[in-house]
There are 2 protein chains.
Amino acid sequence: MLTTEQIIDAMSEHGLRITDQRKTLAKLFGEHPGYLTAKDVYEYMGRKYSGLSFDTVYRNLRVLYELGVLEQVVFEEGVKFRGRCSEEHHHHHMICLQCQKTYPITFCPMQLTDAPDDFQVVQHKFEVFGYCRDCGKDNNDQETSQAGGGHRDSRA
Amino acid sequence: MLTTEQIIDAMSEHGLRITDQRKTLAKLFGEHPGYLTAKDVYEYMGRKYSGLSFDTVYRNLRVLYELGVLEQVVFEEGVKFRGRCSEEHHHHHMICLQCQKTYPITFCPMQLTDAPDDFQVVQHKFEVFGYCRDCGKDNNDQETSQAGGGHRDSRA
DNA sequence: ATAGGTGCAAATTCTTTGCACTGTC
DNA sequence: GACAGTGCAAAGAATTTGCACCTAT
C-alpha cells in the first residue's frame with residue numbers, strides 16, 4: 001500500500017496544494033489498510049478540524065481517486081475507499097466483513113475462464129468475503145458488526 | 001430465468017396479493033433478460049399506470065428481492081435488478097456492458113482459490129464485464145450506451 | 001498575487017416512511 | 001370486510017454545485 005509520504009508526493013507532483021486537511025487525509029489512507037466510507041473519513045478528519053465540511057471530504061476523495069491514489073469500490077452498503085495497492089501485478093482481494101481489511105489473492109480466475117470468442121472481456125471482478133483471523137466468527141458470533149450483518153449471499 | 005408465471009406463482013405462494021402492478025412487474029422481469037434499475041422499472045411500468053409512484057416500484061422490487069425472485073447487483077452506476085436464474089447449480093455471470101444481458105459461467109474460481117486457513121470464507125463474487133456478440137465494440141464504438149459509458153477498470 | 005482549496009448553504013439524486021384510500025382475497 | 005398494496009407527500013441519506021473567503025505556492 002502507498003505510504004502517507006507517497007500519497008502526499010503524488011499530490012504535489014500533480015500540482016495539488018498540500019493543505020492541512022490533505023495531509024491528514026494522506027495520513028489516514030497511508031496508515032489505514034482497510035476500506036473507508038466518506039463518512040468514516042469525515043468523522044476521522046472532523047476530530048481534527050471542527051469546521052470540516054462534507055463536501056471537502058468528497059472533493060478530496062474524488063481528487064485522490066482520479067489521481068489513482070485511492071481505489072474506489074462499490075459494496076452492497078455503499079461506496080468505499082482505500083489506498084491503492086503498491087503491488088504492481090494484477091491481483092484480487094479477500095475482504096473481511098468485520099474489520100474491512102483486505103488480503104491479496106494473487107490467483108486470477110480470468111486466466112482460466114474461457115470466455116466464448118464472441119464475448120469481448122473488458123473487466124472483471126473477483127472478491128472473496130469472509131472473516132479474517134483476527135475477526136474469526138468464533139470470537140464474536142453476535143450480529144453486531146455494522147458491515148457484515150445484513151449481507152445476502154450473492155451466489156446465483 | 002424464471003418465467004412471468006413462475007414469478008407470479010412465487011408471489012401467490014407467499015401470500016402476496018397479485019395486483020395489476022405486480023403482474024406487470026412479473027411480466028417485465030419474466031421477459032427481460034438483463035439488469036434493470038428502479039428507474040427503468042418505473043419508466044416501463046409508468047407507461048401503463050399513469051399515477052404510478054416510485055415508492056411502489058421500490059417496495060415491490062424489495063419484496064421480490066426478499067422473496068428470492070429477483071437478484072440485486074450493485075454496479076458502479078448503482079443498484080440493478082434481474083430475474084433470478086432458474087439454473088440450480090452455482091454459477092457466475094458475464095455481463096454485457098451494452099445490453100446488460102448476462103451469460104452464465106459455470107466455472108467457479110473458489111474451487112481453485114486456496115484461502116489461507118485463517119480466513120473464513122463466507123461469500124464470493126466473480127463477475128466478468130464486456131461486450132457480447134450482438135454488442136461487440138466493432139458494431140458501435142459511440143459512447144452512446146447509457147450503461148457502458150463511464151466505466152473505470154476496477155482491476156487492482 | 002493568484003489560482004486552487006475550503007466552508008457554507010442549497011440543490012440533486014436515490015430511497016424510505018407515514019398515512020389515508022383502494023382493490024384483492 | 002379485512003388487510004395488504006397503492007399513491008402522495010414528505011423525510012432522509014448520499015453526493016454535488018455555486019459562491020465568497022482564505023491560504024499554499
Side-chain angles (χ1 to χ4, degrees), chain A residues 7-26 35-67 69-70 72-81 146-147 150 152, chain B residues 7-26 28 35-67 69-70 72-81 146-147 149-150 152:
Chain A
I7 295 175
I8 293 180
D9 289 350
M11 288 196 278
S12 251
E13 281 164 24
H14 287 263
L16 298 180
R17 297 188 176 169
I18 309 307
T19 63
D20 256 20
Q21 283 92 329
R22 284 181 177 167
K23 269 186 217 151
T24 307
L25 197 57
Y35 285 96
L36 296 168
T37 62
K39 200 163 150 193
D40 293 336
V41 175
Y42 176 71
E43 280 163 6
Y44 174 90
M45 293 188 47
R47 290 208 289 274
K48 199 161 173 182
Y49 308 97
S50 56
L52 184 68
S53 62
F54 243 112
D55 49 282
T56 300
V57 172
Y58 276 111
R59 262 186 306 236
N60 282 328
L61 286 175
R62 183 142 51 128
V63 164
L64 288 187
Y65 172 61
E66 283 167 357
L67 236 65
V69 165
L70 294 187
Q72 188 180 37
V73 176
V74 184
F75 289 82
E76 313 278 322
E77 327 88 55
V79 177
K80 299 192 179 176
F81 296 85
Q146 16 88 312
R152 249 170 186 261
Chain B
I7 296 177
I8 293 180
D9 289 351
M11 288 198 276
S12 252
E13 282 164 24
H14 286 263
L16 298 181
R17 296 190 178 168
I18 309 307
T19 63
D20 256 20
Q21 282 92 330
R22 285 181 176 164
K23 269 186 218 152
T24 307
L25 195 58
L28 174 56
Y35 285 96
L36 297 168
T37 62
K39 200 164 152 192
D40 294 336
V41 174
Y42 176 69
E43 279 162 9
Y44 174 89
M45 293 188 46
R47 289 207 290 274
K48 199 160 174 184
Y49 308 97
S50 55
L52 185 68
S53 61
F54 243 111
D55 49 284
T56 299
V57 171
Y58 276 110
R59 262 185 306 233
N60 281 328
L61 286 175
R62 184 143 49 128
V63 164
L64 288 188
Y65 172 61
E66 283 168 356
L67 236 63
V69 165
L70 294 186
Q72 188 180 36
V73 176
V74 184
F75 289 81
E76 312 279 321
E77 327 90 55
V79 177
K80 298 191 181 178
F81 297 85
Q146 17 88 311
R152 249 171 186 258

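Numbered from 1 within each chain, the chains take letters A, B, ... in sequence-line order. Every heavy atom of this structure was used, including side-chain atoms; hydrogens, water molecules and symmetry mates were not.
In this entry the distance linking OH of A:Tyr49 with C1' of C:dG5 reads 13 Å, nearest Å. Protein atom CG of B:Leu36 is 15 Å distant from nucleotide atom P of C:dC14, rounded to whole Å. Atoms CG (B:Asn60) and P (D:dA4) sit 15 Å apart, rounded to a whole Å. Taking atom CD of residue B:Glu66 and atom P of nucleotide D:dG5, one finds them 12 Å apart after rounding to whole Å. Atom CG in A:Leu61 sits about 14 Å away from atom P in C:dG5, given to the nearest Å. Spacing between atom CZ of B:Phe75 and atom C1' of C:dC14 amounts to 17 Å, rounded to whole angstrom units.
When each of B:Leu61, B:Asn60, B:Asp55 is paired with B:Val57, the side-chain contact (heavy atoms from CB on, under 4.5 Å) condition holds for B:Leu61 and for no other.
Listed by residue number, A:Leu16, A:Arg17, A:Thr19, A:Gln21, A:Arg22 are the residues of residues 13-23 of chain A with a heavy-atom contact under 4.0 Å to DNA chain C.
At least one side-chain heavy atom of A:Tyr42 sits under 4.5 Å from a side-chain heavy atom of A:Leu52. Within the 4.5 Å cutoff, the side chain of B:Met11 has heavy atoms near those of the B:Leu64 side chain. In this structure the side chain of A:Phe81 never reaches within 4.5 angstrom of the side chain of A:Val41, judged on heavy atoms.
Residues B:Ser12 and B:Asp9 have side chains that never bring a donor and an acceptor to within less than 3.5 angstrom of each other. Side-chain atoms of A:Tyr49 and A:Thr56 form no donor-acceptor pair, as typed in the model, at a separation below 3.5 Å.
At the phosphate of C:dC8, neither OP1 nor OP2 sits under 4.0 Å from any side-chain N or O atom of A:Ser53.
Looking at B:Arg22, its side chain never comes within 3.5 Å of a backbone N or O of B:Ile8 through a donor-acceptor pair.
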Quick one: which protein N/O atoms are closer than 3.5 Å to N/O atoms of nucleotides 13-18 of chain D? Pair and distance per line, please.
unit_1, atom_1, unit_2, atom_2, d
D:dT15, OP2, A:Tyr58, OH, 2.4
D:dT15, O5', A:Tyr58, OH, 3.3

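Residue B:Gln21 comes nearest to B:Met45 through the heavy atom pair O-CE, 3.4 Å, listed as atom of the first residue, atom of the second, then distance.
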